Structure formats: structure tokens, C-alpha cells
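A quick note: this is a predicted structure, and the numbers were derived from the prediction, not measured. Atom set for the values below is all heavy atoms of this structure, side chains included, hydrogens, waters and symmetry mates excluded.
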Amino acid sequence: MSAILTRDELAMALGRAGQGDRAAFRRVYEATSAKLLGVTLRILADRQLAEDVLQDTYLTVWRKADSFDASRASPITWLVTIARNRAIDRLRSGAAMRKSTPIDEAATVIADDAPSPAQALETGDDVRRLNDCLGQLDEKTGGAIRTAFMEGVTYDALAVRENVPLGTMKSWIRRGLMRLRMCLES
């Protein structure tokens, strides 16, 4: 059973988990594990590897929850970034051979009674603000950021896909993220 927490409740639970509160950590896990498993599964396309990465993710969260800063990022963004980075690290380590699995199939594997992450996000003000800010970016930069962070595609793969040098792709994304940050902070 998945608990649904508001952004503020999740931030408070992360703060308490950072102080060693196991019950708060359990609330964070219950509220976010299905979404984070979906993120890792989408990147790795292997349920066992995705579950291993999910465990590594929550070990990191337990150790670093005290470093979470709600003024810099939303709690779910912070958690998804950790999960995404762990999954990409595992993918790059050669421990996983990426298999392409349609997202619809992945959703049936991790079905949940709660609203889907996409449905929950679509209703949030943060997502509207993010989409507005992404819409202000040029098409290539906005598309690269969406692909990298929402689909888990590595910068290397994006550079190949767009037929540009890796450094150029990194620059597009870095400059785009800086513009996004300025837009979101205003």
C-alpha cells in the first residue's frame, strides 16, 4: 500500500529521516518506492537490477537525507535524481545490458492502486511551472533535457542521436538547466 504525501509532508519526513527517524524513513519509502522503481526500471529494463538499484537508492537516501534542502529542489525531484543517477551508474558499469521495454509494459509490472506518477505530477503546480519554463527553452535544448531526465537517456546516447559532439550536448543541457533554474526561481 502506497502512502500519498504532499510535497511539504515528504520534505518533513526526509528531514526527520535525516535525523535517524526510522518511521519517517518508512513513510518516505512507502510514498515514493513505486515511482522510483519505475524510474530505475525504465532505465535498466531489468526488474532485478532495478530493485537492486532501488535498494542502493534508499541506502543513499538514509545516509544523505540530512543534506536535503527543500529550497533547492522538491523532495521527489531530489529522490528521482538519486535513483536516476544510480541507475545510469549501474548501466554504465556494464552490469546491465539495456533492453528496450515499452513504458506500457513496465507500468503493468509495477501496477499500483494509487494514481500513476504521471497523473499525480500532471496535477501539481510544480509540473506546470516546470513545463512553462521548459517551453521557454529552444526546441533542441528542451528536448534534450526532457529525454535525458524523463527517459533516462545518457548524454552519450543523446549526442549520437542528435549527431553532435558529446561536449556540445553537455553544454546544451547545462545551459538549459541554468535557464530552467533561473525561470523556476523567479
Point to revise | Check against side chain to side chain donor-acceptor pair (under 3.5 Å), T60 and R86 | key: CA-CA 10 Å; T60 300; R86 291 281 180 256; 2.7 Å; yes

Check your understanding: Under the side chain to side chain contact (heavy atoms under 4.5 Å, CB included) criterion, do K140 and V164 qualify, and how do the steps go?
Key -> CA-CA 11 Å; K140 68 181 178 192; V164 296; over 6 Å; no

Exercise for review: Following the transitive rule for hydrophobic clusters with a side-chain heavy-atom cut-off under 4.5 Å over Ile, Leu, Val, Met, Phe, Trp and Tyr, establish whether L59 and V28 coincide in one cluster.
Suggested key: no

Point to revise | Over all atoms of both residues, closest heavy-atom pair of A83 and L36 | key: CB-CD2, 4.1 Å

Check your understanding: T147 versus R161: any side-chain heavy-atom pair under 4.5 Å?
Key -> yes

**Study point:** Side-chain heavy-atom pair W172, D138 within 4.5 angstrom cut-off
**Key:** no

Check your understanding: Are any of the side-chain heavy atoms of L10 and L79 separated by less than 4.5 Å?
Key -> yes

Check your understanding: Just how far is it from atom OG1 of T154 to atom CG of L166, taken to the nearest 0.5 Å?
Key -> 8.5 Å

Point to revise | Heavy-atom pair of closest approach, residues W62 and R22 | key: CH2-CG, 3.9 Å

Review point. Quick one: CG on L91 to CZ on R84, what's the gap to the nearest 0.5 Å?
Key: 11.0 Å

Exercise for review: Kindly compute the distance separating CG (L5) from CZ (R27), expressed to the nearest 0.5 Å.
Suggested key: 4.5 Å

Check your understanding: Does the side chain of R175 reach to within under 4.5 Å of the side chain of T141, using non-hydrogen atoms?
Key -> no

**Study point:** Contact check, side chains of D89 and D56, non-hydrogen atoms, under 4.5 Å
**Key:** no

Exercise for review: Rounded to the nearest 0.5 Å, what's the gap from CG on L134 to CZ on R179? Could you check?
Suggested key: 11.0 Å

Revision key, fill the gap. Between the CZ atom in F149 and the OG1 atom in T81, the distance rounded to the nearest 0.5 Å is 7.0 Å

**Study point:** CD (E185) with more than 12 external heavy atoms under 6.0 Å
**Key:** yes

Review point. Could you go step by step and tell me if R92 and I88 meet the side chain to side chain contact (heavy atoms under 4.5 Å, CB included) rule?
Key: CA-CA 6 Å; R92 287 180 178 159; I88 289 173; 3.6 Å; yes

Revision key, fill the gap. Contacts of D21 meeting salt bridge (charged side-chain N to carboxylate O under 4.0 Å, His left out) (sequence neighbours excluded), chain-then-number -> R16

Practice item. Kindly give the heavy-atom pair with the smallest separation between A70 and R7, and that separation in Å. Key: O-NH2, 4.1 Å

**Study point:** Smallest separation among heavy atoms of L158 and A148, with atom names
**Key:** CD1-CB, 3.7 Å

Check your understanding: A17 and A65: which non-hydrogen atoms are nearest, and at how many Å?
Key -> C-CB, 4.1 Å

Check your understanding: Is there a side-chain contact between L14 and V61, using heavy atoms and a 4.5 Å cut-off?
Key -> yes

Study note, to complete from the structure: Residues at least two apart in sequence or cross-chain that pass salt bridge (charged side-chain N to carboxylate O under 4.0 Å, His left out) with D156, listed by chain then number, are none

Review point. Is it true that V153 and L177 fall in one hydrophobic cluster, defined by side-chain heavy atoms closer than 4.5 Å?
Key: yes

Exercise for review: Taking atom types as modelled, find out whether Y58 and T32 have a side-chain donor-acceptor pair closer than 3.5 angstrom.
Suggested key: yes

Review point. If you count the non-hydrogen atoms of other residues, nucleotides and ligands that lie under 6.0 Å from OH in Y29, is the total more than 12?
Key: no

Check your understanding: Going through the distances and angles, do E162 and T168 end up as a side chain to side chain contact (heavy atoms under 4.5 Å, CB included)?
Key -> CA-CA 10 Å; E162 294 295 321; T168 300; over 6 Å; no

Point to revise | Derivation of the side chain to side chain contact (heavy atoms under 4.5 Å, CB included) call for Q19 and D66 | key: CA-CA 7 Å; Q19 298 168 353; D66 61 336; over 6 Å; no

Check your understanding: Within the distance-only criterion (no hydrogens, no angle test), does the side chain of T40 pair as donor or acceptor with the backbone N or O of L37 below 3.5 angstrom?
Key -> yes

Check your understanding: What are the two closest heavy atoms between A24 and A13, and how far apart are they?
Key -> CB-O, 3.5 Å

